[in-house]
Each structure stands twice: as C-alpha cells, then as structure tokens.
Amino acid sequence: MKYENILSKTENGITTITINRPSKLNALNRATIQELHDAFEDADDSAKTKVIIVTGSGEKAFVAGADISEFADFSEEEGAKLAATGQELLFDFVANLSTPVIAAINGFALGGGLELAMAAHFRIASDNAKMGLPEVSLGVIPGYGGTQRLPQLVGKGRAMEMIMTAGMIDANQALQYGLVNHVTTPEELLEFTEKTASKIMRNSSVAIAAAIKAINANYEDGENGFDVEIEEFGNCFGTEDFEEGTQAFLQKRKADFPGR
Ligand code: COA
C-alpha cells in the first residue's frame, strides 16, 4: 500500500511503521491517523507480522502531537468528533490489536504523540526523548486517551502533575515512572527494540493475543479481568499452539508454533 505520511516495512516478522512528516515533527494530522490505522490493520492481518514497532522519522521527534493547525478553529462538536474518531481509528485500535505493538520513542513524544506511545503495548525510549501532555497550555485537554492511560501507567498523582504543568519529562524520569521500559542511546534504539521483538516472536502468537485481551480487560468498563483471564486461559487449551508448546516441552525440543 502507498502512504504519503508514513513508511511501513516488514522484515523477519517485524513490521516497522514510521511516522514520516519530519518537517512538522511528525505531528498527527487526519490523513496520518487514517494511514496509521490502515498500516496497523494490514500488519495485524498479515501472517508475516509477529510484532509491530512504531517510531518517528528524523532525529528530533517521535510525534510532537496532534496537528494543531488542523483543529485551531474547531467548534465544540468538531472537537468531540476529532477525539472520538481518533480514539476509534488509532488509539483504542492499537491498544486492542492482537499483534504486540512496541513504541520506539526517538525524540519528542508530546500530546497525541505520547498518547500513541501509551496506546502501544509497551515503550522503549532513546535518551534524547522528551515526553509530556502539554494540551492545557493550549486551552484543551488530552483527547486521545491521555487522561486515562497516563494515570494507568504512572499513577494518578504523577499524571495530574504532568498534565497540569504541561511539562516534559526526560527518558530517565520516564523510566523511573514506568512510562517506558528501557532507555537506549539514539543509535541503539531500533536494534534494541528489534531484539526485544525477537524475544516475543519465539512465543505463541495465539497465547500472546489472549494475554493482551486479558490484560486489557482490567481497563475496560464492565469487564472483569479475572473472568476474561479464565475464559482466555481455557480457550488456549483448544489451540494448536498449546498442543505444540506442551508437546515440545515434553519432548525436550524447541516449539515451532503454527501461530495465528
Ligand atoms: N502541530 C502542528 N505543527 C507542529 C506541531 C504540532 N503539534 N509540533 C511541531 N509542529 C511544527 C511547527 O509548527 C514547525 O513548523 P514550521 O517549520 O512550518 O513553522 C515545525 O513543526 C518544527 O517545530 P518547531 O516548533 O519550530 O521546533 P522547535 O524545536 O522550536 O520546538 C517543540 C519543538 C516540540 C517544543 C515545539 O514544536 C512544540 O511545542 N510543538 C507543539 C507540542 C504540543 O503542544 N503538542 C500537543 C498538541 S495537542
């Protein structure tokens, strides 16, 4: 598929989606959100993709936020629609994908950029990365899930402070907060993220999809995560991956999972 604002390539089981508007610090306009949706959907549907990495092009930014020039003159209704559409097309969509998604944060991850990174299943940052939700400095609040996912990841008090001050934290503070799992040099970021992806790929993609569903259930209204875990645990017993995984263990060989 041809994209204007992003790049997508698949190699060795990893699809790397790169937001590619460096002159605008990879800000997310509507077209980019739609292209990201399409690229994530394609990768999730492809048998060739075991893990998705999302990153930004250039040395400066992962994503510097939603494209401010696009919504500056919006009405209340248009604002609400912008948030609802974005959440459905991209942020909730990514969070609920069956394929693991890792955000490789290579610079500024602000506003919608940090929200995209937080929608990924986990995050790795380079040591030049800066993260924040500066929306209140523009007279608006985070609208792509930031008020929900930031407190889930760093705790309510830290999220309140980050959102109220509109300030940025650096990669090491993000590591201390648990917002990112690892910090690397900028040069090592993609290689380290790919190595992490390779560790994931050795395992059953069917079981990983079930684990994502069970973990996410804790954060869904009206869902009981423990009940979802029981159901998904049971479902695993009916899969070819479970048969292969357990047989391989008993036969003292490496599992070769048929996968999703
Ligand atoms: N929306 C639209 N354009 C953006 C953008 C955004 N969120 N973030 C950066 N850009 C554009 C700038 O307008 C500029 O475009 P121009 O060269 O056509 O004028 C270009 O990207 C480079 O940004 P610039 O501000 O010149 O870079 P800088 O190094 O001086 O500052 C930032 C970097 C990230 C601190 C600054 O760009 C910024 O504060 N961006 C907005 C962050 C934000 O509030 N995000 C939340 C949005 S809800």
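Note that ligands are numbered from 1 as they come in the structure, with each ligand's atoms numbered from 1 the same way.
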Determine if the distance from [atom] to the closest protein heavy atom is below 4.0 Å.
atom: atom 30 (O) of ligand 1; answer: no
atom: atom 27 (O) of ligand 1; answer: yes
atom: atom 19 (O) of ligand 1; answer: no
atom: atom 36 (C) of ligand 1; answer: no
atom: atom 46 (C) of ligand 1; answer: yes
atom: atom 13 (O) of ligand 1; answer: no

So if I count the atoms of ligand 1 from 1 in the order they appear, which ones are less than 4.0 Å from some heavy atom of [X]?
X: K60; result: 27 (O), 28 (P), 29 (O)
X: L110; result: 34 (C), 42 (C)
X: E135; result: 48 (S)

Polar proximity ligand 1 side, [X] side, N/O cut 3.5 Å exclusive:
X: S69; value: no
X: F71; value: no
X: K24; value: yes

Heavy-atom distance to [atom]: which of [options] wins?
atom: atom 43 (C) of ligand 1; options: G132, P134, P142; value: P134
atom: atom 24 (P) of ligand 1; options: D67, V136, L28, L25; value: L25
atom: atom 1 (N) of ligand 1; options: N29, I68, N26; value: I68

Are the side chain of [X] and the backbone N or O of [Y] linked by a donor-acceptor pair below 3.5 Å?
X: R123; Y: L179; result: yes
X: E88; Y: F93; result: no
X: T85; Y: L82; result: no
X: E244; Y: D256; result: yes
X: N216; Y: A95; result: yes

I'd like to check the ring pair (Phe, Tyr, Trp, His ring centres under 6.0 Å) partners of F192; sequence neighbours left out, ordered by chain and number.
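Result, ring pair (Phe, Tyr, Trp, His ring centres under 6.0 Å) vs F192: H182.
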In chain order, what residues pass the ring pair (Phe, Tyr, Trp, His ring centres under 6.0 Å) check against F74, with sequence neighbours excluded?
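Expected list: none.
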Pick one: which of I169, L110, L150, D170 meets side chain to side chain contact (heavy atoms under 4.5 Å, CB included) with M131?
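Among I169, L110, L150, D170, the one meeting side chain to side chain contact (heavy atoms under 4.5 Å, CB included) with M131 is I169.
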Tell me which one of D127, V183, I124 satisfies side chain to side chain contact (heavy atoms under 4.5 Å, CB included) with L175.
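So the option named by the test is V183.
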Protein residue, atom and distance nearest to atom 41 (C) of ligand 1, heavy-atom basis
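Here the nearest protein heavy atom works out to A64 O, 3.9 Å.
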